[in-house]
Amino acid sequence: MANLEVHQFPCLSDNYGYLIHDPDAGVTAAIDTPEVAPISDALEEKGWQLTHIFNTHHHFDHSGGNEELKAKWSCTIVGSRDDAGRIPGIDVLVGDGDTYQFGSHEVQVFDVSGHTIGHIAFYFAEANKLFSGDALFALGCGRLFEGSADQMWTSLQKLAALPDDTGVYCAHEYTQANAAFALSVEPQNDDLQQRSKKIDALRADNKPTVPSSIGLEKATNPFLRPMSPDLQSNLNMTGADLVEVFAETRRRKDNF
Ligand code: ZN
Ligand code: FE
């Protein structure tokens with residue numbers, strides 16, 4: 001099994017930066033470029049050379065460091081074909097169902113539009129890791145800035161179909177606030193109650209709640225649970241269309 005090391009570090013106020021490194025091939029990628037200084041420090045600390053940038057979407061807290069890092073490292077920038085005009089310095093255009101070879105790893109690309117159009121996620125099947133950007137968060141999902149609820153629900157279902165033990169590396173530490181909302185719409189969920197306590201303990205120690213896993217998200221994340229009878233009942237939507245339940249959950253979170 002090919003090795004993939006992940007180095008995770010905070011950027012800006014609540015983003016995570018990630019460096020992923022294939023020691024066999026000697027390649028290193030930044031997943032998004034929220035902030036140059038912590039990425040540069042992390043590269044120096046690990047002694048890794050930046051060869052790639054994988055962008056999940058164009059927002060400034062995800063691609064703002066592209067040009068400075070590319071100028072320094074001449075790295076290859078991989079981003080969405082559907083958002084190529086908004087990804088600074090993009091070199092390789094990918095889309096839903098495409099694969100990209102990163103060292104010894106085949107990276108699968110999913111279009112997960114909704115937060116933005118052209119938002120993509122990167123899945124490393126052999127390493128069991130998903131980089132979900134602002135599409136799927138621990139206990140949350142991205143705000144619908146550009147896409148529809150229907151589109152986001154379709155996107156999230158692709159991620160929910162991955163193996164339960166897939167590590168979910170999302171782009172923000174929003175989990176504690178997300179837990180408060182999740183409990184407000186599905187207070188009966190025992191797994192969620194337990195998870196929320198663990199999250200409070202981690203945050204009290206200033207520790208990350210990320211990564212999580214697909215299995216844990218399916219059990220506790222209200223945005224993956226429109227089929228839950230308790231959630232439907234709490235929204236007064238028993239038996240409603242899953243897209244409608246998802247849309248209502250998202251609306252409530254926007255106003256929480
Ligand atoms: Zn974003
Ligand atoms: Fe973001």
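We number each residue from 1, following the sequence as shown. If you're wondering where the values come from, they're calculated on a predicted model, not measured in any experiment. In each ligand, atom 1 is the first atom listed, and ligand 1 is the first ligand listed.
- Classified by interplanar angle (parallel below 30°, tilted 30° to 60°, perpendicular above 60°), the ring pair Phe54/Tyr100 is perpendicular.
- Distance check for His115 against the Zn ion (ligand 1): an N/O/S atom falls below 2.8 Å.
- Using a distance-only test at 3.5 Å, with no hydrogens or angles considered, a donor-acceptor pair links the side chain of Asp96 to the main chain of Asp111.
- Of the charged side-chain nitrogens involved, at least one lies within less than 4.0 Å of a carboxylate oxygen, so that Glu248 and Arg252 count as a salt-bridged pair.
- Rounding to 10 degrees gives 170° for the angle at the Fe ion (ligand 2) between OD2 of Asp134 and OD2 of Asp61.
- Here the N, O or S atom of His57 that is nearest to the Zn ion (ligand 1) is NE2.
- Residue-level check: among N/O/S atoms of His59, ND1 sits closest to the Zn ion (ligand 1).
- Aromatic ring pairs are classed by plane angle as parallel below 30°, tilted from 30° to 60° and perpendicular above 60°; the pair Phe246 and Phe223 is perpendicular.
- Put simply, His62 stays out of reach of the Zn ion (ligand 1), with no N, O or S atom under 2.8 Å from it.
- Backbone or side-chain N, O or S atoms of Asp134 reach the Zn ion (ligand 1) at under 2.8 Å.
- The distance from the Fe ion (ligand 2) to the nearest N/O/S atom of His59 is not under 2.8 Å.
- Using cut-offs of 30° and 60° on the angle between ring planes, the pair His62 and His59 is tilted.
- The distance from the Fe ion (ligand 2) to the nearest N/O/S atom of His172 is under 2.8 Å.
- Distance alone, capped at 3.5 Å, places no donor-acceptor pair between the Gln49 side chain and the Thr28 backbone.
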